[in-house]
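Structure first, commentary second.
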Amino acid sequence: MSSTDNLERAFASTRSVLTNVTPAQLDASTPCASWDVRTLLNHVVGGTHHFARSMRGEAAPGGEAPDFAAGDFVAVFDDGAAQAVAAFAAPGAAEQMVTLPFGTLPGAAFMSIAATDSFAHGWDLARATGQSSDLDPKLAALLLENAKGFLPDALRGPDGTAPFGPRADAPASATAADELAAFLGRDV
């Protein structure tokens, strides 16, 4: 098992959802109430490149953010995911301190956040586009346990004003991915 296995699995899970998103779905609503599918897709695809740039210590490019939904977003996602995995796998990356908008933390912690972000937004896209959201149960359970250790209530609030919504209740029949989504503030 490599140090980037969970990140790679999260990217693979989200990629499996991305490959089934159609142009006709881009204006559909998502579990992230302030985002439609196009906005969510741009966040997911752009996120892979953000993770790589942050690990390499590079600033975000200036100007207007690209609309990845207008092109081959799966290819751009694949490129960003490969760059992110390479950046997180670089010698010393786990111990490297990474400065992010919300604080400075070790690369290993940032990689866990990146895996959770990609996986959770894959769940959002699956729900928004009518796909199965029962994604990689073992990974979902692991990410949930990790999230419980790093997600303080201070980061929770109403959609559009806080990074995470208030914890939601998952039904007894919920999948592991549903439980993660509920913990991160999604209605399941």
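For the single chain, residues carry numbers from 1 onward in sequence order. What you see below is based on every heavy atom in this structure, not just the backbone, and it leaves out hydrogens, waters and symmetry mates.
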T4 meets the side-chain hydrogen bond (donor to acceptor under 3.5 Å, both in side chains) criterion, sequence neighbours left out, with S2, E8
Treating T116 as the side-chain partner and S112 as the backbone partner, does any N or O pair qualify as donor plus acceptor under 3.5 Å? yes
Residue set satisfying side-chain hydrogen bond (donor to acceptor under 3.5 Å, both in side chains) with R56, at least two apart, ordered chain then number -> E58, Q83
Residue pair A126 / S132: nearest heavy atoms and the distance that separates them: CB-O, 3.5 Å
Could you go step by step and tell me if D27 and V37 meet the side chain to side chain contact (heavy atoms under 4.5 Å, CB included) rule? CA-CA 6 Å; D27 294 325; V37 169; over 6 Å; no
Counting C-beta onward and ignoring hydrogens, is there a side-chain heavy-atom pair between L100 and S54 closer than 4.5 Å? yes
Give the minimum heavy-atom separation between L135 and G122, together with the two atoms involved. CD1-C, 3.9 Å
Nearest-0.5 Å distance that lies between atom CZ in R156 and atom CZ in F164: 7.5 Å
Atom CG in L105, atom CE in M111: separation rounded to 0.5 Å? 12.0 Å
Rounded to the nearest 0.5 Å, how far apart are CZ of F77 and CG of D72? 12.5 Å
Is the closest side-chain heavy-atom distance between N6 and L139 below 4.5 Å? yes
Do side-chain atoms of H49 reach the backbone of A60 as a donor and acceptor pair under 3.5 angstrom? no
Please determine if D124 and R127 form a salt bridge, counting it only when a charged side-chain N lies under 4.0 Å from a carboxylate O. no
Please round to the nearest 0.5 Å and tell me the distance separating atom CZ of R38 and atom CG of D67. 4.5 Å
What are the two closest non-hydrogen atoms of Q131 and S16, and how far apart are they? OE1-O, 4.0 Å
What distance separates L144 CG from L180 CG, expressed to the nearest 0.5 Å? 5.5 Å
Considering only heavy atoms from C-beta outward, does the side chain of H43 approach that of C32 to under 4.5 Å? no
In terms of ring plane angle, is the pair H121 and W35 parallel, tilted or perpendicular, where the classes change at 30° and 60°? tilted
Minimum heavy-atom distance between N20 and Q25, given as atom pair plus value: O-OE1, 3.6 Å
Between D178 and W123: side-chain donor-acceptor atoms closer than 3.5 Å: yes
Regarding T39 and N42, is there a side-chain donor-to-acceptor distance under 3.5 Å anywhere? no
With rounding to the nearest 0.5 Å, note down the distance linking CG in D117 to NE2 in H50. 8.5 Å
Side-chain heavy-atom pair P137, T175 within 4.5 angstrom cut-off: no
Is there a side chain to side chain contact (heavy atoms under 4.5 Å, CB included) between T14 and V44 once you walk through the steps? CA-CA 9 Å; T14 297; V44 168; 3.6 Å; yes
Are F88 and F110 an aromatic pair by the rule of ring centers under 6.0 Å? yes
Non-hydrogen side-chain atoms of K138 and D136 separated by less than 4.5 Å: yes
Within a strict 4.5 Å, meaning less than it, do heavy atoms of the R53 and P61 side chains meet? yes
Just do the side chain to side chain contact (heavy atoms under 4.5 Å, CB included) check on L18 and L41 with the steps written out, would you? CA-CA 8 Å; L18 279 172; L41 187 146; 4.1 Å; yes
Is the shortest side-chain heavy-atom distance between L155 and L151 below 4.5 Å? yes
Quick check: do F11 and D78 have side-chain heavy atoms less than 4.5 Å from each other? no
Residues two or more places apart in sequence or in another chain: which of them pass side-chain hydrogen bond (donor to acceptor under 3.5 Å, both in side chains) with T19? none
Measure across A94 and P106 and return the closest heavy-atom pair with its distance rounded to 0.1 Å. O-CB, 3.7 Å
Which heavy-atom pair separates A147 from L184 by the least distance, and what is that distance? CB-CD2, 4.4 Å
